Amino acid sequence: YWDLIHPDDHAKARTALQTVKAGHPVFALEYRFLCKDGSYKTFIANLSGNKKSEHLYAISRLKEGQVVPYIMVANAAPVAVMIIDTNGAIIHANQLAESMFGYEAGELQGKSIEELIPARLRKKHKIHRGEYQSNPVNRPMGSQYNLKGLKKNGMEIRVDIALNPLHEQNELYVACSILDITEKITTAELALNLERENLRLAQLAQRDPLTQAYNRRTMEELFPKIAE
């Protein structure tokens, strides 16, 4: 492990470990970690320990970048959250997102976001995704888009989505916060259809079905009002 930490950071890393062993947590330890390509990336870590088990606990994130911190937030969020890259690949999905679309833990990672969209809408979605990536801005829920999702079992759902651009090492990622509004939309559509049907029945009650002229009963009701 020490071979992966920059030699100039060994001293402060060892001091941090001694502090934790003494029973004191360490916050915001900055160190450089060796990557596969030979470069170093700077991380910030919070360290704590358990005296009984002698276990060390560390939470690290990249000093520069928004993806790792956002993943930590996403896992505690009360809504479904996914993070995708510019190719549309899902790099992270929290448990609520997996549950919403009917997938097992970890099953969504690496899949294309288009797999969660009905086939007839995928081409259009790719176009919209490209347009967004050319001008990435925060887009709140309640947009004008009529959005549909596709569950693993083939069932379609209606969704509302908020988009937030994230930047990591000069790369763009997009965080998608998702709400299943199927029930809400269905209830609203039923209410609208009921209203239309009531209007249709009212019109049928007032007019002759063949000539569309007002029937006798309606005329008897209208004439007194006209006379007034």
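These numbers come from the heavy atoms of this one structure, side chains and all, not from hydrogens, waters or symmetry mates. Since the model is a prediction, treat every value here as computed from it, not as a measurement.
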Under the side chain to side chain donor-acceptor pair (under 3.5 Å) rule, what pairs show up with a residue in residues 100-111, not counting sequence neighbours?
E107-K152
What closest approach, in Å, do [X] and [Y] show between heavy atoms, and which atom pair accounts for it?
X	Y	result
L4	Y40	O-CE2, 4.1 Å
V20	S48	CG1-C, 3.6 Å
F101	G149	CE2-CA, 4.2 Å
E98	A93	OE2-O, 3.8 Å
I178	V79	O-CB, 4.1 Å
G110	A89	O-CB, 4.5 Å

Got a sec: does the NZ of K21 have more than 12 other heavy atoms crowding it under 6.0 Å?
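Result for NZ/K21: open.
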Give a yes or no on this: more than 12 heavy atoms of other residues, nucleotides or ligands lie within 6.0 Å of atom NZ of K148.
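Above 12, so yes.
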List in chain and number order the residues that pass side-chain hydrogen bond (donor to acceptor under 3.5 Å, both in side chains) with S112, two or more places apart in sequence or in another chain; answer none if no residue qualifies.
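S112 satisfies side-chain hydrogen bond (donor to acceptor under 3.5 Å, both in side chains) with E114 once adjacent residues are dropped.
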Any side-chain heavy-atom pair of [X] and [Y] under 4.5 Å:
X	Y	value
D9	F33	no
R139	I161	yes
L150	R122	yes
H125	I113	yes
E171	D85	no
M82	H92	no

Just verifying a value: how many Å separate [X] [atom1] and [Y] [atom2], rounded to the nearest 0.5 Å?
X	Y	atom1	atom2	value
I84	L116	CD1	CG	10.0 Å
L34	D37	CG	CG	8.0 Å
N75	Q95	CG	CD	10.0 Å
L163	Y132	CG	OH	5.0 Å

Without swapping roles, check the side chain of [X] against the backbone of [Y] for a donor-acceptor pair under 3.5 Å.
X	Y	result
R129	T86	yes
H6	Y31	no
S177	V81	no

Assess the residue pair H128 and L147 against the criterion (side chain to side chain contact (heavy atoms under 4.5 Å, CB included)); give the C-alpha distance rounded to whole Å, side-chain angles, the decisive distance to 0.1 Å, and a yes or no.
CA-CA 12 Å; H128 287 161; L147 305 174; over 6 Å; no
With side chain to side chain contact (heavy atoms under 4.5 Å, CB included) as the test, would you mind laying out the steps for R32 and K41 before giving the verdict?
CA-CA 5 Å; R32 287 161 290 180; K41 289 185 179 180; over 6 Å; no
For D180, check salt bridge (Lys or Arg N to Asp or Glu O under 4.0 Å) against everything at least two apart and list the hits.
none
